Amino acid sequence: MLFISTVNGHERMSTRDLLLRIKSAVEAGETDFRIEASGQHDIGGPLWNAQGRTLHFEVSNPGQRVGSMALPGTEIVVRGPAPADVGWLNSGGRITVLGDCGDTTGHCAAAGVIHVAGRAGTRTGSLMKHDPRREPPELWVLGTVSSFAFEFMGGGRAVVCGVDAGGGGGEHPAPSVPLGERPCVGMVGGVVYVRGAVPELPPGVRGLPLDDADLAWLAPGLASFLAAVERPELMKALSRWRDWRKIVPDMHGGDGDGAPGGRDGAMRRFRAHSWPEGGLFGDVLPDSGRVTDLVASGDGRLRAPVWDAEAGPCRECLACVRACPQAALRRRGATGGGAPCVFSVEPARCIGCGICVAVCPQGLWRLVPVPEGAPL
Amino acid sequence: MPPVKRAWPRAQALSANDLPWLVRHDAGRCVLCGACTAACTFGAIEAKLPPRGASAAVWEARKEKGRDGGEARRPVIVQRAEAAHACTGCGMCEKVCPAGAIRPVRNADNRWGVLSRTAEGSGGAPARRGGRGGRSVVETPSRGRTLDAVVIGRISQMTDPALDSERHTFELRSPLGRLLRPGELPLRVEGGRLALAGETPPVRWIYPVIFSDMSIGALSTRAWEALALAVAWLNEECHLPVRMSSGEGGVPTRLLESELLRYFILQIASGHFGWNRIIESLPRMKADPAAVLIKVGQGAKPGDGGLLPAAKVAPHIQAIRGVPGATLHSPANHQGLYSIEEAVQKMHLSMNAAFGFRVPVAVKCAASATSVAVYNNLLRDPYHICGGFFLDGMLGGTGAAYAVSLEHTGHPVVSVVRDCYRAAAGQGLQGRIPLWAGGGVGMNGDAAADAFKLVCLGADGVILGRLLLQLLGCVGNEHGRCNACNTGLCPVGICTQDERLVRRLDVDAGAQAIVDYMRAFDAELRKLLAPVGNSSLPVGRADALVATRRDVADRLGIAYAC
Ligand code: SF4
Ligand code: SF4
Ligand code: SF4
Ligand code: SF4
């Protein structure tokens with residue numbers, strides 16, 4: 001175990017000196033560090049042990065970017081709060097802050113786990129990603145997060161428990177709004193679990209209730225998070241799952257192209273659950289919703305042919321029957337032998353085009369407008 | 001061979017070349033499927049046998065076989081040379097033809113201006129049509145549309161920061177309702193804290209787009225429902241709080257008694273159609289409407305009231321409006337109201353009382369050379385009763401109007417918006433009564449740019465109308481295509497009540513197209529806000545604009561650039 005105190009009388013060790021000292025110790029095989037920092041930046045990463053052994057850091061009073069670019073096999077515990085950029089670009093480190101965190105906590109984290117025992121600042125979790133070669137990054141916050149959190153999040157899992165950072169109140173009621181203003185703007189991937197009300201979300205992002213798959217991950221994860229931040233007694237209060245929601249981007253193009261679930265019958269589904277049943281006009285004009293083509297037969301015809309035996313003698317040439325593009329004409333009655341020739345039109349086939357009318361050499365067919373709703 | 005007997009046309013007979021559109025048919029390609037004649041709602045084409053006689057084919061047959069090839073005659077599709085069945089250029093025939101054998105062609109030599117007023121079927125009556133007016137404004141080659149001569153020319157670079165249109169959070173909200181000046185706010189100090197000491201007028205902060213008032217009746221039930229559905233979706237799924245004005249044709253009871261009513265503006269015009277049902281629903285309303293809009297005039301036909309031809313007054317329209325199946329004229333004026341102040345006073349009081357003094361009341365007028373005077377009066381009203389001034393320019397669309405009104409009356413909206421804004425700003429009263437501008441917004445498909453420019457000139461938001469119908473599938477345009485909205489024969493089921501035609505319209509697909517467009521609109525609006533460096537709407541920031549035409553620059557008071 002290497003203990004480093006960064007203040008010696010009135011002398012404060014510079015960030016550069018501290019980081020170089022840690023690095024050379026790691027290269028010499030040291031794996032356990034206790035660092036009493038005085039605002040030095042970038043403690044904890046990116047470092048690795050040549051034999052693949054885990055590096056442990058216990059840090060107090062760090063500067064910005066604790067655990068930034070931390071690699072797998074790095075474990076950092078900060079005793080007390082930490083300023084901005086905790087776990088920035090975290091690439092696999094396990095970082096626990098036993099206090100509040102500053103702005104942009106977990107910014108661009110692509111792997112690893114970040115535990116925050118208090119609140120986290122503005123733009124927390126923004127641009128988190130998921131490197132598919134690793135497990136999705138995790139960011140757990142016991143308290144609340146400030147405005148603009150999870151902006152442009154592209155992957156990973158974040159959990160905001162919304163517990164009052166002051167720790168007061170035996171019951172730990174779900175906070176009314178665990179996220180600050182305008183969370184999740186431009187979020188295109190990953191999931192944010194929040195305990196309490198979901199604030200207004202930007203386009204392309206929505207709040208949903210949890211399902212079984214969520215609980216299967218969240219429940220055990222919550223237990224180990226609370227153990228890590230030394231608050232196991234909260235487990236009961238925090239596992240009232242009806243208090244939780246998840247925020248996810250729309251799967252249909254969260255990048256702003258395409259519609260939010262608008263294709264593939266989504267408008268129809270929306271109509272099914274958010275629209276008066278039977279449509280706005282269902283009480284005055286019932287509408288089956290059937291959509292017809294521009295060319296329609298049956299009761300969709302605008303015009304229909306009428307055969308008029310009185311108009312003259314039929315030559316029985318059957319030109320109409322042969323010309324009909326819809327095979328809608330049938331000759332009824334006897335053929336030849338003096339019996340009158342009678343034609344019938346099959347409305348289900350006829351489109352009212354009038355070609356039969358055009359070809360009849362005797363002019364026995366007429367095309368007449370069909371009034372709307374006329375019987376066939 | 002006996003001579004072929006014919007009735008030759010006389011000099012005054014119509015031919016297809018007299019009509020606005022010619023139908024070109026290629027008999028060589030045609031497979032005689034009959035789709036074109038079946039689809040044409042106007043009955044503009046029919047199948048006919050070519051006349052007897054020595055066509056080229058017959059001539060060949062005679063030479064070869066020494067006999068008349070007449071029996072081999074095959075029908076062709078011909079245009080009917082009748083005014084009542086004039087081709088509108090809608091293009092449904094071309095759309096359905098499997099053989100690429102038919103299409104309408106614009107006819108520059110037509111005599112329609114004369115025939116539409118004299119031909120059989122229209123004899124003696126003024127010409128009517130639907131669609132968009134003001135062609136004289138748009139089609140003068142040397143002028144073109146004012147907004148197309150304006151560009152966003154002031155870009156933030158090194159002077160002040162431009163914004164990132166994707167990452168920056170913009171505040172795209174506009175007021176609908178009367179805003180008070182700080183000094184007018186009824187505030188008092190109570191135990192060291194500010195408290196409201198009286199009522200403030202209701203104000204809604206909404207997306208800077210309102211869907212225009214197109215009535216049930218002018219539109220088919222499906223078209224109206226598709227608009228309403230898109231509005232609900234945009235609000236509930238896209239966080240774009242657009243509002244839709246009902247138009248003067250009533251509102252479906254099911255909507256009145258639904259939570260969704262908060263997305264809708266109830267319009268009252270001179271005909272008051274449908275208000276009995278609105279009032280009946282009051283006890284069962286679950287939400288307040290977004291606003292009440294008093295329609296005084298309409299840009300497409302100022303000085304004229306609404307017009308719903310009998311062909312469109314179907315039984316359900318009769319029920320909703322409480323009228324018989326006749327042509328419905330709304331009076332040109334609100335009866336019993338003689339000034340705009342009186343109109344707003346009376347309506348404001350009645351409407352406010354009806355809705356518990358919780359709903360803004362706005363007024364819509366046709367843009368006019370008098371608009372500034374009206375706006376000034378509203379601004380000076382000490383009772384703060386007007387919650388919005390909607391200006392409708394002459395490029396707005398309509399379901400039915402007299403052609404003479406469409407083409408020759410009205411006022412472009414752009415300079416009126418600018419004048420109203422400057423008049424208010426000159427008194428320090430800008431932003432007190434929101435200005436909403438409509439009439440041709442997005443007529444070239446570019447609504448976000450039009451909206452942005454109008455906002456810079458002083459509008460708080462814009463009103464979209466015809467564009468929405470085009471998104472539903474309307475094929476009409478301001479160059480005379482279709483525009484048959486007044487006939488009841490709308491080929492795409494939008495402006496008709498004929499159930500066979502209404503069934504052509506897919507509500508979900510139409511609503512989806514509107515939603516898609518509005519999402520693109522929103523992204524484009526941000527693209528324009530970013531270079532100007534504004535996080536919120538730059539209302540009145542005319543310094544962001546330059547004009548590429550001297551006359552436009554001078555009239556609007558913006559910089560000229562070349
Ligand atoms: S109108 Fe057309 S489809 Fe109908 S019977 Fe005649 S040829 Fe056939
Ligand atoms: S363009 Fe329209 S109106 Fe003209 S023939 Fe074709 S379908 Fe009929
Ligand atoms: S749709 Fe085309 S192929 Fe069919 S009859 Fe008409 S022109 Fe001929
Ligand atoms: S398609 Fe319908 S709504 Fe469009 S111009 Fe033609 S008749 Fe009017």
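Per chain, numbering begins at 1; letters A, B, ... match sequence-line order. All of these numbers come straight from a predicted model, not from anything done at the bench.
Applying the 6.0 Å contact sphere to CH2 of A:W365 captures more than 12 heavy atoms from other residues, nucleotides or ligands. Annotation: B:R262, atom CZ; neighbour count of heavy atoms from other residues, nucleotides and ligands within 6.0 Å is above 12. For A:R330, the CZ atom sits in a packed shell: over 12 heavy atoms of surrounding residues, nucleotides or ligands are nearer than 6.0 Å. Within a 6.0 Å sphere centred on CZ of A:R366, heavy atoms belonging to other residues, nucleotides or ligands number 12 at most.
Looking at A:P369, neither its backbone nor its side chain comes within 4.5 Å of chain B, counting heavy atoms on both sides. Of the two parts of B:P491, only the backbone, made up of N, CA, C and O, holds a non-hydrogen atom closer than 4.5 Å to a non-hydrogen atom of chain A. Contacts of B:L505 with chain A are made by backbone atoms alone, with heavy-atom separations under 4.5 Å and no side-chain atom involved. In this structure, no portion of B:E257 lies under 4.5 Å from any heavy atom of chain A. Only the side chain of B:L260 comes within contact range of chain A, judged by heavy atoms closer than 4.5 Å. Proximity to chain A is limited to the side chain of B:I216, based on heavy atoms less than 4.5 angstrom apart. For A:E372, the parts lying near chain B are the backbone and the side chain together; criterion is any non-hydrogen pair under 4.5 Å. Residue B:A523: no heavy atom, backbone or side chain, is found under 4.5 Å from chain A. For A:V185, the part lying near chain B is the side chain, with the backbone staying farther off; criterion is any non-hydrogen pair under 4.5 Å. Heavy-atom distances place no part of B:Q318 under 4.5 Å from chain A, backbone and side chain included. Contacts of A:D299 with chain B are made by both backbone and side-chain atoms, with heavy-atom separations under 4.5 Å. Neither the backbone nor the side chain of B:A314 comes within contact range of chain A; no heavy atoms are under 4.5 Å apart. Contact of A:D287 with chain B is made through the side chain alone, with heavy-atom distances under 4.5 Å. Neither the backbone nor the side chain of B:E46 comes within less than 4.5 Å of any heavy atom in chain A. With a threshold of 4.5 angstrom between heavy atoms, A:P286 does not approach chain B through any atom at all.
Residues B:W224 and A:L280 form a side-chain contact, since some pair of their non-hydrogen atoms from C-beta on lies under 4.5 Å apart. The shortest distance between side-chain heavy atoms of A:V291 and B:R222 falls below 4.5 Å. Within the 4.5 Å cutoff, side-chain heavy atoms of A:L294 are placed close to those of B:K95. Residues B:E236 and A:S274 are in side-chain contact: their nearest non-hydrogen atoms beyond the backbone lie under 4.5 Å apart.
Here the closest heavy-atom approach between residue A:I355 and residue B:L32 is recorded as CD1-O, 3.4 Å. Between B:T41 and A:R303, the closest heavy-atom pair is O-NH1, 4.2 Å. Among all heavy-atom pairs drawn from A:M267 and B:V515, the shortest one is CE-CG2, 3.9 Å. Contact record, A:C353 with B:G34: CB-O, 3.1 Å, taken as the closest heavy-atom pair. The minimum heavy-atom distance linking A:L201 with B:H239 is given by the pair O-NE2, 2.6 Å. Between B:A47 and A:G354 the shortest heavy-atom distance is CB-O, 3.9 Å.
Comparing B:T221, B:I45, B:L49 by how many heavy-atom pairs each has under 4.5 Å with chain A, the most go to B:T221. The most heavy-atom pairs under 4.5 Å with chain B, out of A:V295, A:L302, A:V359, A:I351, come from A:L302. Residue with the most contacts toward chain B among A:G282, A:G278, A:S288: A:G282 (heavy-atom pairs, distance under 4.5 Å). Ranked by heavy-atom pairs shorter than 4.5 Å toward chain A, the options B:A520, B:C40, B:P315 are led by B:C40. Ranking A:V370, A:D293, A:T292 against chain B, the residue ahead of the rest is A:T292, based on heavy-atom pairs under 4.5 Å. Per-residue counts of heavy-atom pairs under 4.5 Å with chain A were compared for B:E225, B:H316, B:K48; the largest is that of B:E225.
In this structure, the separation between CZ on A:R271 and CG on B:L229 is 6.0 Å, given to the nearest 0.5 Å. With rounding to the nearest 0.5 Å, the separation of CZ in A:F281 from CG in B:L255 is 8.5 Å.
Using a cut-off of 4.0 Å between Lys/Arg side-chain N and Asp/Glu carboxylate O, B:E237 and A:R206 are scored as salt-bridged.
With B:R500 contributing its side chain and A:A296 its backbone, the two residues share no donor-acceptor pair below 3.5 Å.
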- Message: Under the criterion salt bridge (Lys or Arg N to Asp or Glu O under 4.0 Å), I'd like the reasoning laid out for A:R182 against B:E171: C-alpha separation, chi angles, the key distance, then a yes or no.
- Response: CA-CA 11 Å; A:R182 295 177 181 280; B:E171 186 67 44; 2.7 Å; yes

